[in-house]
Amino acid sequence: MSAVDFERSLEEAAVLLCRARRVVAFTGAGMSAESGIPTFRDPGGLWEQFRPEELATPEAFERDPDRVWAWYQHRRRVIEQAQPHAGHRALAAMEAYFEEFTVVTQNIDRLHHRAGSRRVLELHGTILENRCHRCGRPYVEEPLPAETAPVCPACGGRVRPAVVWFGELLPESVFAAAESAVERCDVMLSIGTSGEVYPAAGLVWRAKSFGAAVVEINPNPTELSSIADVVVRAPAAQALPRLLERVEQCRKGASA
Ligand code: OAD
């Protein structure tokens, strides 16, 4: 995308946001890429090096809990060292300018919370908490072992990260809250996601069918590009602070 196209798409997105009362920001791994957390499906991404079915399914954990635990412990360390970037902060700051602003994220890294977003729906859970795979009780003991999945003191089951794996259901109340925010929103920002994993990606289609304008922010084309009303082909940390500036301008102009 040329600099001129970038500016034009940014302006089109800003016009939509300036008219909007309710906004959903739907985020994926690309949102955290500039914080140093690898994505899944980009060149060099996690699913190029590892097979999801060996590490991110209940069957994989039941077969070899220690291997899956050690991989998540490694990812946890990467995430703990990461910091939210200007894009996360811009989304948090946007909340103030809308009647309703909901972040619906597929990310498990809690960077939206750390940047100050207050209404965040985590569709795929969080890597920063653990629970028993058998009885579901939260596991809060510290320190966590690096290589061996802890044993649940209540039932003797093995402890796992509180994330959603392939083949598992999304947390029902979180998904229901996401659907209702999506059905009400005027603008749906789709940021840093390939749109390949369902049911999460279906939320963008749902927003569109309920009449929202869809704005994609992603340096690359995705499964969702064809339904986007505006496509901003740029990284999140570059595009979002610029959008925030424009929203601030139009809101201040409107109240002047
Ligand atoms: P993917 O790895 O599938 O897609 C990442 C997207 O981010 C791609 O479309 C990139 O072009 C884009 N991207 C890369 N850098 C970016 C940047 N700086 N700014 C904006 N976009 C950028 O990740 P997800 O769509 O999140 O689920 O994947 C969805 C789910 O699949 C994940 O939640 C995870 C994974 O397997 C589970 O583990 C259950």
Side-chain angles (χ1 to χ4, degrees), residues 1 6 9-10 13 25-61 68 71-72 74-76 78-79 82-91 103-112 115 120-127 160-171 174-175 178 189-205 214-228 230-243:
M1 183 178 258
F6 171 63
S9 64
L10 208 63
F26 175 65
T27 65
M31 180 76 219
S32 298
E34 290 150 282
S35 291
I37 301 173
T39 63
F40 296 95
R41 294 175 185 78
D42 288 309
L46 291 175
W47 295 154
E48 207 171 77
Q49 302 163 55
F50 305 101
R51 285 153 52 90
E53 58 273 31
E54 283 175 18
L55 290 161
T57 62
E59 293 79 17
F61 185 75
V68 172
W71 188 64
Y72 275 91
H74 165 73
R75 288 181 62 198
R76 215 186 301 253
V78 171
I79 284 169
Q83 299 301 326
H85 59 61
H88 292 101
R89 290 194 297 275
L91 283 184
V103 175
V104 176
T105 189
Q106 298 163 91
N107 298 343
I108 57 176
D109 55 34
R110 290 257 156 104
L111 290 184
H112 289 299
V120 183
L121 299 173
E122 293 175 309
L123 294 177
H124 291 165
T126 174
I127 198 172
R160 56 171 284 180
V163 300
V164 175
W165 283 326
F166 290 103
E168 293 186 319
L169 294 174
L170 271 52
V174 177
F175 193 69
L189 303 171
S190 175
I191 309 164
T193 181
S194 61
E196 291 185 27
V197 174
Y198 282 78
L203 291 170
V204 182
W205 295 87
V214 173
V215 175
E216 177 171 79
I217 299 174
N218 194 313
N220 304 302
T222 74
E223 296 290 313
L224 301 168
S225 302
S226 64
I227 59 163
V230 177
V231 172
V232 181
R233 285 269 165 266
Q238 188 187 336
L240 290 168
R242 291 287 311 281
L243 270 183

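One-based numbering, in listed order, for ligands and for the atoms of each. As a basis for the values below, the full set of heavy atoms in this structure was taken, side chains included, without hydrogen atoms, waters or symmetry mates.
Below 3.5 Å of separation, one finds an N or O of R41 facing an N or O of ligand 1. Residue-to-ligand polar distances keep A234 apart from ligand 1: every N/O pair is separated by 3.5 Å or more. Between I191 and ligand 1, no N or O atom pair is found at a separation short of 3.5 Å. On a distance-only criterion, N107 and ligand 1 share no N/O pair closer than 3.5 Å. Annotation: F40 places an N or O atom under 3.5 Å from an N or O atom of ligand 1; distance criterion only.
With hydrogens left out, the protein atom closest to atom 36 (O) of ligand 1 is W47 NE1, 2.8 Å, a heavy atom. Nearest protein heavy-atom contact of atom 30 (C) of ligand 1 is V197 CG2, 3.7 Å. At the shortest separation from atom 17 (C) of ligand 1 among protein heavy atoms lies G30 O, 3.3 Å. Looking only at protein heavy atoms, the nearest one to atom 39 (C) of ligand 1 is V164 O, 3.3 Å. Nearest protein heavy-atom neighbour of atom 10 (C) of ligand 1: D42 OD1, 3.2 Å. Of the protein's non-hydrogen atoms, the one nearest atom 26 (O) of ligand 1 is A29 N, 2.7 Å. Ranking the protein heavy atoms by distance from atom 38 (O) of ligand 1 puts F166 CE1, 4.1 Å first. Remark: minimum distance from atom 15 (N) of ligand 1 to any protein heavy atom is reached at A33 CB, 3.8 Å.
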(request) Using the side chain to side chain contact (heavy atoms under 4.5 Å, CB included) rule, take W205 and L224 through it: C-alpha gap first, then chi angles, then the decisive distance, then the call. (result) CA-CA 8 Å; W205 295 87; L224 301 168; 3.4 Å; yes
(request) Give the intermediate values and the outcome of side chain to side chain contact (heavy atoms under 4.5 Å, CB included) for residues N107 and I37. (result) CA-CA 10 Å; N107 298 343; I37 301 173; over 6 Å; no
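Of the possible polar contacts, one joining the Q49 side chain to the G44 backbone as a donor-acceptor pair under 3.5 Å is found.
Atom numbering of ligand 1 starts at 1 in the shown order; those under 4.0 Å from a heavy atom of N220 are 10 (C), 11 (O). For ligand 1, the atoms sitting less than 4.0 Å from at least one non-hydrogen atom of T193 are 6 (C), 9 (O), 24 (P), 25 (O), numbered in the order shown with element in parentheses. The E34 neighbourhood of ligand 1 comprises atoms 17 (C), 18 (N), 19 (N), with distances under 4.0 Å to a heavy atom of that residue. Interface atoms of ligand 1 facing Q106, defined by a heavy-atom separation under 4.0 Å, are 29 (C), 33 (O). For ligand 1, the atoms sitting less than 4.0 Å from at least one non-hydrogen atom of T222 are 9 (O), numbered in the order shown with element in parentheses.
Using a 4.0 Å cutoff on heavy atoms, P219 counts as a contact of ligand 1. A heavy-atom separation below 4.0 Å is found between H124 and ligand 1.
Residue T27 forms a side chain to side chain contact (heavy atoms under 4.5 Å, CB included) with just one option from V120, I217, T105, V104, and that option is T105. A ring pair (Phe, Tyr, Trp, His ring centres under 6.0 Å) with F40 is found for one member of W47, F166, F50 and no other, namely W47.
Salt bridge status for E168 with R160: present, with a side-chain N to carboxylate O gap under 4.0 Å.
Y72 contributes atom OH, which lies 7.0 Å from atom CD1 of I127 (distance to the nearest 0.5 angstrom). Residue H85 holds its NE2 atom at 8.5 Å from CG of L91, rounded to the nearest 0.5 Å. In this structure, CG in D109 is found 8.5 Å from CD in E122, a value given to the nearest 0.5 Å.
Nearest heavy-atom pair, N218 versus R233, reported as atom, atom and distance to 0.1 Å: O-NH1, 2.9 Å. Across every non-hydrogen atom of A33 and T39, the tightest pair is CB-CG2, 4.1 Å. Minimum interatomic distance between L111 and A82 (heavy atoms only, all atoms of both residues): CD2-O, 4.2 Å.
Side-chain contact annotation: R41 with T222, donor-acceptor N/O pair under 3.5 Å absent.
Nearest to atom 4 (O) of ligand 1 by heavy-atom distance, out of S194, A239, G87, is S194. Atom 5 (C) of ligand 1 has its nearest heavy-atom neighbour, among G192, G28, P235, A201, in G192.
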